[in-house]
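First up is the structure itself, then whatever we jot down about it.
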Amino acid sequence: ATSIRESRFSRKRRRVVGLGLPLFAMLDQDELASVVAHEFGHHTAGDVALGPWLYGTRLAIGTALERLEGSAFWLHLPFVAYGNLFLRITRSTSREQELSADRLAASCFGAASTATALLRVNDIDMTWPVYWDGEVIPVLERSRLPRVLEGFERFTAELEKRPKVVEDLARLKRESRQEASKPLDTHPSLRERLIALGTPDAASRRGARSSLQLFDDVAVAEKQIIQSILRDPNMPLEAFEWDAAAEAVWLPSWMDTIGPYREMFARIPPSAIPDALADAARWAPLLRAGVAFLSPQAERKRLSGLLGVHLAVRLHELGFTFTCAPGAAPSASKDGASVEPFVV
């Protein structure tokens, strides 16, 4: 990302190029260099000075047009005509800025490195947000400091054990390479960018020089990055190992979740969970606090999730030991017996 920041001690402004942590793990040094060159391409072309205004205006007009859609008043029609014209004109400008920055990156570090960087960033976008929201955020909320990149490596390794997930990700990657730009997209589609680079059939590769070698100490870099995004950068974080996630993070979280419903679920022993699900129409409404906002299907799904939490907590009380590897379903075991409460 590119941005302009003001100094804390003066009104002097400076340009900043920010690189996301997963890029260092997933891109080799030539690919990472092409990303940096692309971002500097926006600076040298003056895009950073105009970009925030252009993006903000496009967002405001697009939101207004969406709200006006289907309006019964004809007075808004001139604005709709102007808004659509503005979006069409600025869309081509925004897309050309991206293609121009791609050309600069390719001229500096080669079209192959630029193309494979685009492919890898596209692939990361499919899995990193799921990992960050589902695995890292709960750990941070418990004031623990995870090894973020190690966890992501374990997360992706777990996904590769699931044939259905592997198949779905492969399909999404194929579709993303064939997808055309949508009318309001500010960026060209991945395929359009690859064609513009002259590499429509580019394939991901793994270079010999990992970008992680650019860090003197990966763990220190991760800690600095995490603290920089916390509301309180000075909040103490306890060292954390992913193998301890069950006891340190998930069990306390499950107990917090089930707390308001503990009295209700006390009437549902583990052996009666199938009956409770089968009779969701009776049990689900008991979870409400007033008016029903969820559909019957959504209420049943919520009941199912809470019954999974209830079963996990009950198994823990019965002496089962939990394992919760990143990306894997929580599993409880005792005396040779094993059960995945959220799967069963």
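If you read the sequence from its start, that first residue is 1, and numbering goes on from there. Fair warning: this is a prediction, and the values are worked out from it, not measured in the lab.
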Is the closest side-chain heavy-atom distance between Ile273 and Leu311 below 4.5 Å?
yes
With a 3.5 Å distance limit and no angle check, can you tell me whether Ser304 reaches the backbone of Arg300 through a side-chain donor-acceptor pair?
no
Under 3.5 Å, side chain of Thr116 to main-chain N/O of Ala112, donor-acceptor pair present?
yes
Look at the side chain of Thr257 and the backbone N and O of Ser253, then say whether any donor-acceptor pair between them is shorter than 3.5 Å.
yes
How about Glu179 and Ser189: does a side-chain donor come under 3.5 Å of a side-chain acceptor?
no
Given 3.5 Å as the limit, does a donor-acceptor pair link the side chain of Tyr131 with the main chain of Pro326, or not?
no
Side chains of Leu32 and Leu214: does their closest heavy-atom pair fall under 4.5 Å?
yes
Any donor and acceptor pair, going by atom type alone, linking the side chain of Trp283 with main-chain N or O of Leu277 inside 3.5 Å?
no
How close do Leu104 and Ala37 get, heavy atom to heavy atom, and via which atoms?
CD2-O, 3.7 Å
Ion pair check, Lys173 and Asp168, cut-off under 4.0 Å:
no
Does any part of the side chain of Glu135, heavy atoms only, come nearer than 4.5 Å to the side chain of Phe152, both counted from C-beta?
no
Note: Ala276 and Leu307 closest approach over all heavy atoms is CB-CD1, 4.2 Å
Assess whether atom CD of Glu241 is packed by more than 12 heavy atoms of other residues, nucleotides or ligands within 6.0 Å.
no
For a 4.5 angstrom cut-off between non-hydrogen side-chain atoms, does Leu237 reach Leu230?
yes
By the ring pair (Phe, Tyr, Trp, His ring centres under 6.0 Å) test, which pairs, at least two apart or in different chains, include something from residues 215-235?
Phe24-Phe215
Show the numbers, then the answer: is there a side-chain contact (heavy atoms from CB on, under 4.5 Å) between Arg171 and Arg174?
CA-CA 5 Å; Arg171 175 179 54 78; Arg174 286 194 304 270; 3.7 Å; yes
Check for a donor-acceptor pair, side chain of Glu340 on one end and backbone N or O of Ser331 on the other, with a separation under 3.5 Å.
no
Is there a donor-acceptor pair closer than 3.5 Å between any side-chain N or O of Glu31 and the backbone N or O of Asp28?
yes
Can you classify the ring geometry of Trp128 versus Trp132 as parallel (below 30°), tilted (30 to 60°) or perpendicular (above 60°)?
parallel
Can you say whether the rings of Trp242 and Phe240 are parallel (under 30°), tilted (30 to 60°) or perpendicular (over 60°)?
perpendicular
Nearest heavy-atom contact between Cys324 and Ala245 is O-CB, 3.9 Å
Do Arg154 and Glu158 have side chains that approach each other closer than 4.5 Å (heavy atoms only, starting at C-beta)?
no
ILVMFWY network linking Trp250 to Phe320, side-chain heavy atoms under 4.5 angstrom
yes
Do you know which two heavy atoms are closest between Pro138 and Asp133, and how far apart they sit?
CD-O, 3.5 Å
Between Leu194 and Leu119, does the side-chain contact (heavy atoms from CB on, under 4.5 Å) criterion hold? Intermediate values first, please.
CA-CA 9 Å; Leu194 294 175; Leu119 288 170; 4.0 Å; yes
Do Arg144 and Glu238 make a side-chain contact, defined as non-hydrogen atoms from C-beta onward lying under 4.5 Å apart?
yes
If I compare all heavy atoms of Ile258 with all of Val313, which pair ends up nearest, and what's the gap?
CG2-CG2, 4.4 Å
State, yes or no, whether a side-chain contact exists between Glu222 and Leu149 at a heavy-atom distance under 4.5 Å.
yes
Could you give me the CA-CA distance, side-chain angles and deciding distance for Thr199 and Thr114, then say whether side-chain contact (heavy atoms from CB on, under 4.5 Å) is met?
CA-CA 10 Å; Thr199 58; Thr114 303; over 6 Å; no
If you draw a 6.0 Å radius around CD in Glu317, do more than 12 non-hydrogen atoms from other residues or ligands fall strictly inside?
yes
To the nearest 0.5 angstrom, please state how far the CG atom of Leu169 sits from the CE atom of Met126.
7.5 Å
Is the closest side-chain heavy-atom distance between Trp254 and Phe322 below 4.5 Å?
yes
Would you check if the side chain of Arg262 reaches a backbone N or O of His310 as a donor-acceptor pair within less than 3.5 Å?
no
Kindly determine whether Arg209 and Asp30 satisfy side-chain contact (heavy atoms from CB on, under 4.5 Å), including the steps that lead there.
CA-CA 8 Å; Arg209 300 187 306 160; Asp30 290 335; 2.9 Å; yes
Closer than 4.0 angstrom, basic N to acidic O: yes or no for Arg142 and Asp256?
yes
Transitively linked via ILVMFWY side-chain contacts under 4.5 Å: Val339 with Val309?
yes
Could you check whether any side-chain N or O of Ser34 sits under 3.5 Å from a backbone N or O of Ala105, counting only pairs where one atom can act as donor and the other as acceptor?
no
